[in-house]
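Here is the naming used below: chain letters follow the sequence lines, and residue numbers restart at 1 for every chain.
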Amino acid sequence: RPQSKNGRYRQTFEEVKREIAGYK
Amino acid sequence: DIAKAIIDLAVYGKAQNRSYERLALFVDTIGPRLSGSKNLDTAIKYMHNALKENGLENVHLEPVKIPHWERGEESAMMVEPRCHNLAILGLGNSIATPPEGITAEILVVTSFDELHARAPEAKGKIVVYNEPYISYGETVQYRSQGAVEAAKAGAVASLIRSIASFSINSPHTGWQYYRSDVPRIPTACISVEDAEMMARMSSKGMKIVVNLKMEAKTYPDASSFNTVGEIVGSKYPEQVVLVSGHLDSWDVGQGAMDDGGGAFISWEALSLIKNLGLRPKRTLRLVLWTGEEQGGVGANQYYQLHKVNISNFDIVMESDEGTFMPTGLAFTGSDKARSIMREVMQLLQPINVTAVYENGGGTDVDYWVQDGVPGASLLDDITKYFWFHHSNGDTMTVQDPNQMNLCAAVWTVVSYVIADMEEMLPR
């Protein structure tokens, strides 16, 4: 997975989708 | 259930109609808010207090300089072939006529091409543009450039058919630009009806003479402010989701639609989030711009001041195209960011506003968008928008509380979720 500037791993799109679905 | 809670509160709950009621009080009390005017100063002070009373954080004013132009008295009288009082509104930035006015024969053209082809006829005349309304973006060039093109041909003034998709003899004003290498001539907009009438008369070979009087005056740039309030982020406070509309308006009507509605649903977004006791991970920043109508003047100075932090701007959002029935979100950003926005908009299925379109942004936030910051704007049913735009018809009467509730729900869900997601939108 690509790493962001602060060293954390960026979320995959599937993870982002799941995160957004959590606001439903 | 955060999205549902926001929608319920905005559309069905205690906050329903709040943005409409707040806006009505604001525009009925203060009226139109032209750049450089006392009304605009009053409006900014009013909002500064209102945001503090609402409990927003870091409420403050950021000083900027904005144009100060006043129209004064103005009239246009057709004196040949008959007397007829033309409905006019001088265009912002126009110079005045001499006190006795300018009396000259009319040359009617339908396009710049026709003007250029008939340039020898324009010398010493008042050029009337009777350009057909195609779209705002295409047709507005006649308002912004009409005086310059007419002056290049030797005209003494220009009268421009209002940029309006419908008219009841209503002139619509706007900002026009002079060029330093072209003589400045007075310029005003006229109604669609009068432009078409003069075109018909001209096509029949009638000589038309008009006396144009304008007292317009330009003063040195005035001090003004962008108005800012925040909900500070809980985890990434230095990162910003910016929601915005502009407080200034033209000096006619009430500026309820352009852009009172956009400014007040942006405020409503932060109010709703506060009401629900929410605090997103990153900072939600409300900016109420000043001097938008003169070309995003306040916003440009905000950008110059804050662009050093551009990497912390997650998304810039502006609502400045009406707050009628919402139809979706316009978005500019990378394909990855767009895919995320599509998912976010699915949260608005309960009110059936899920579409993501191209070309998000607006005059005030495009400085950021052009530098790669994702941009969004509210899309709504603008069928009637240009009936009222920049005219005396832009009043509270065109606003609808239910539609504003829905706009506020869209604006709040989108801004909150983006501000609260673990990661910023990919550029």
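- Residue A:I20 comes nearest to B:L347 through the heavy atom pair O-CD2, 3.5 Å, listed as atom of the first residue, atom of the second, then distance.
- Heavy atoms of B:P350 lying under 4.5 Å from chain A are absent altogether.
- Under the 3.5 Å distance criterion, the side-chain polar atoms of B:E343 are left unmatched by any main-chain donor or acceptor of A:A21.
- Of the listed residues (B:I7, B:L348, B:D420, B:I6), the one with the most heavy-atom contacts under 4.5 Å to chain A is B:D420.
- When every heavy atom of A:E19 is checked against every heavy atom of B:M421, the shortest pair comes out as OE2-CA, 3.2 Å.
- Of the residues listed (B:V413, B:D1, B:V417), the one engaging A:Y23 in a side chain to side chain contact (heavy atoms under 4.5 Å, CB included) is B:V417, and it is the only one.
- Here the side chains of B:K4 and A:K24 are not in contact, with every heavy-atom distance at 4.5 Å or above.
- Put simply, CD on B:Q346 and NZ on A:K17 are 9.5 Å apart, with the number rounded to the nearest 0.5 Å.
- With a 4.5 Å cut-off on non-hydrogen atoms, B:M424 touches chain A through its backbone but not through its side chain.
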